[in-house]
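Below is one structure; the comments refer to it alone.
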Amino acid sequence: MRPFLKWAGGKGQLLKALAARLPEPIKESKAIPRYLEPFVGGGAMFFYLKSHYRIGEAYLFDINPDLILCYKVLQERPRDLIAQLGEIAVAFGQKSADERRAFYYEIRARFNRQRQALDRQVFNRAWIERACLLIFLNKTCYNGLYRLNQKGEFNVPYGRYKNPRFYEPENLMAIHYALQDTHLICGDFEKAGEFVTKGSFVYLDPPYRPLTATASFTAYSRHGFSDRDQQRLAAFYKEMDRKGAFLMLSNSDPKNEDATDHFFETLYQGYQIERVPANRSINRDARKRGAINELIIRNY
């Protein structure tokens with residue numbers, strides 16, 4: 001199975017590097033008694049681990065309410081979601097290029113209108129429609145971004161893909177089965193601390209710190225993710241270390257742009273910091289996309 005959404009900072013290309021650095025007890029036993037991911041995003045790491053290891057308990061968190069809603073719909077009502085996606089796929093496929101663009105903006109406006117009246121407390125059919133609209137928008141918008149304005153409205157323009165893949169029933173059903181016995185929680189990463197126990201494996205993949213002042217993309221929620229949040233995360237990391245959890249964190253490497261930037265070395269002094277190659281794929285200037293280093297920080 002693979003992520004059902006495109007998500008900025010997705011870990012697909014780093015999975016081999018991350019897997020090679022799992023705690024030895026996990027690699028030897030092929031089992032993870034308790035797994036926590038405070039920034040689940042597209043879920044690439046979780047889906048990889050679920051495919052290769054026995055996970056006793058899993059706790060997935062994200063501050064983005066629509067993302068967690070989408071996961072919950074896949075967990076509980078995947079066939080209804082697949083049916084609605086199929087209807088949109090047929091309608092979209094019958095349209096001309098210009099009509100597809102207009103259709104996209106109709107769906108985006110519908111998605112934003114729905115936000116006001118949505119009951120997020122109790123599962124209802126509107127959740128299925130919203131998950132359907134989110135998957136469609138994510139796979140047809142520009143660069144697969146999820147971006148909100150200050151009003152909390154999705155504002156990414158149309159992406160003009162020739163054959164966007166948003167109707168993938170087999171993958172969605174595989175994700176449904178993977179999400180059984182999984183706790184899905186909407187909230188700030190600190191909420192995960194309530195569930196961390198000694199021996200838990202915690203993978204932290206926060207919104208990356210921008211490499212430059214103009215490269216910022218942290219609008220996964222309307223609040224963004226600032227340097228102060230990065231500092232708060234480092235304090236959380238140290239607290240979970242004291243609990244006896246295995247911790248792995250990934251982030252951008254400021255030294256790609258400024259060799260004198262010791263931001264993460266200062267925050268995570270005393271922990272193991274490694275640089276691994278990756279590709280930067282989100283930048284308005286295509287010339288600035290390409291090979292860079294990213295950080296993997298461990299407490300073991």
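For reference, positions follow the sequence shown, starting with 1.
Side chain of Trp127 to backbone of Asp119: a donor-acceptor contact under 3.5 angstrom is found. Looking only at distances, a side-chain donor or acceptor of Asp261 sits under 3.5 Å from a matching main-chain atom of Phe263. In this structure, the side chain of Arg130 engages the main chain of Phe111 through a donor-acceptor pair within 3.5 Å. Listed for the Ser200 side chain is no donor-acceptor partner under 3.5 Å among the backbone atoms of Val196. Panel note: side chain Asn171, backbone Pro169; no donor-acceptor pair is recorded below 3.5 Å.
When only modelled atom types and interatomic distance are considered, Tyr271 and Asp241 share a side-chain donor-acceptor pair under 3.5 Å. No side-chain donor from either of Asn256 and Glu294 sits under 3.5 Å from a side-chain acceptor of the other. With 3.5 Å as the limit, one finds a donor-acceptor pair spanning the side chains of Asp258 and Thr260. Remark: the Glu129 side chain and the Gln114 side chain contain an N/O donor-acceptor pair separated by less than 3.5 Å.
Between Arg242 and Glu239 no salt bridge is recorded (no basic side-chain N to carboxylate O distance below 4.0 Å). Between Lys11 and Asp205 there is a salt bridge, since at least one side-chain N of the basic residue sits less than 4.0 Å from a carboxylate O of the acidic one. Under a 4.0 Å N-O distance rule, the pair Arg232/Asp229 qualifies as a salt bridge. Ionic pairing of Arg275 and Glu265 is present here: one or more N-O contacts between side-chain nitrogen and carboxylate oxygen are shorter than 4.0 angstrom.
Tyr35 and Tyr203 have their aromatic ring centers separated by at least 6.0 angstrom. Checked against the 6.0 Å centroid criterion, the rings of Phe103 and Phe136 qualify as a close aromatic pair. Close placement of the Phe189 and Phe39 rings is indicated, their centers lying within 6.0 Å of each other.
Rounding to the nearest 0.5 Å gives a distance of 7.0 Å between CE of Met1 and CZ of Phe47. Atom NZ of Lys151 is separated from atom CG of Asn112 by 10.5 Å, given to the nearest 0.5 angstrom.
Figure legend: cation-pi geometry between Lys6 and Tyr161, with NZ or CZ positioned under 6.0 Å from the six-membered ring centre and within 45° of its axis. A cation-pi arrangement, defined by a distance under 6.0 Å to the six-membered ring centre and an angle within 45 degrees of its axis, is absent between Arg100 and Tyr158.
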*Mind running ring-ring contact (aromatic ring centres under 6.0 Å, His included) on Tyr146 and Phe154 for me, showing each step along the way?*
CA-CA 7 Å; Tyr146 183 95; Phe154 183 82; 5.6 Å; yes
*Given the rule in the salt bridge (charged side-chain N to carboxylate O under 4.0 Å, His left out) test, do Arg209 and Asp227 qualify, once you have shown the distances and angles that lead to the verdict?*
CA-CA 7 Å; Arg209 185 175 186 247; Asp227 275 2; 3.0 Å; yes
*Check step by step if salt bridge (charged side-chain N to carboxylate O under 4.0 Å, His left out) holds for Glu168 and Lys139.*
CA-CA 11 Å; Glu168 300 178 300; Lys139 292 297 186 73; 3.5 Å; yes
*Between Tyr300 and Phe246, is a ring-ring contact (aromatic ring centres under 6.0 Å, His included) present by the stated rule, with each step listed?*
CA-CA 7 Å; Tyr300 54 89; Phe246 293 108; 5.7 Å; yes
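With a 4.5 Å cut-off on side-chain heavy atoms, Leu137 and Phe166 do not count as touching. Contact of the Gln75 side chain with the Gln180 side chain is registered, since non-hydrogen atoms from C-beta on lie closer than 4.5 Å. Between His176 and Arg77 the shortest side-chain heavy-atom distance does not fall below 4.5 Å. A heavy-atom distance below 4.5 Å is not found between the side chains of Val202 and Met248.
Taking the six-membered ring for Trp and thresholds of 30 and 60 degrees, Phe61 and Tyr59 have nearly parallel ring planes, at less than 30 degrees apart.
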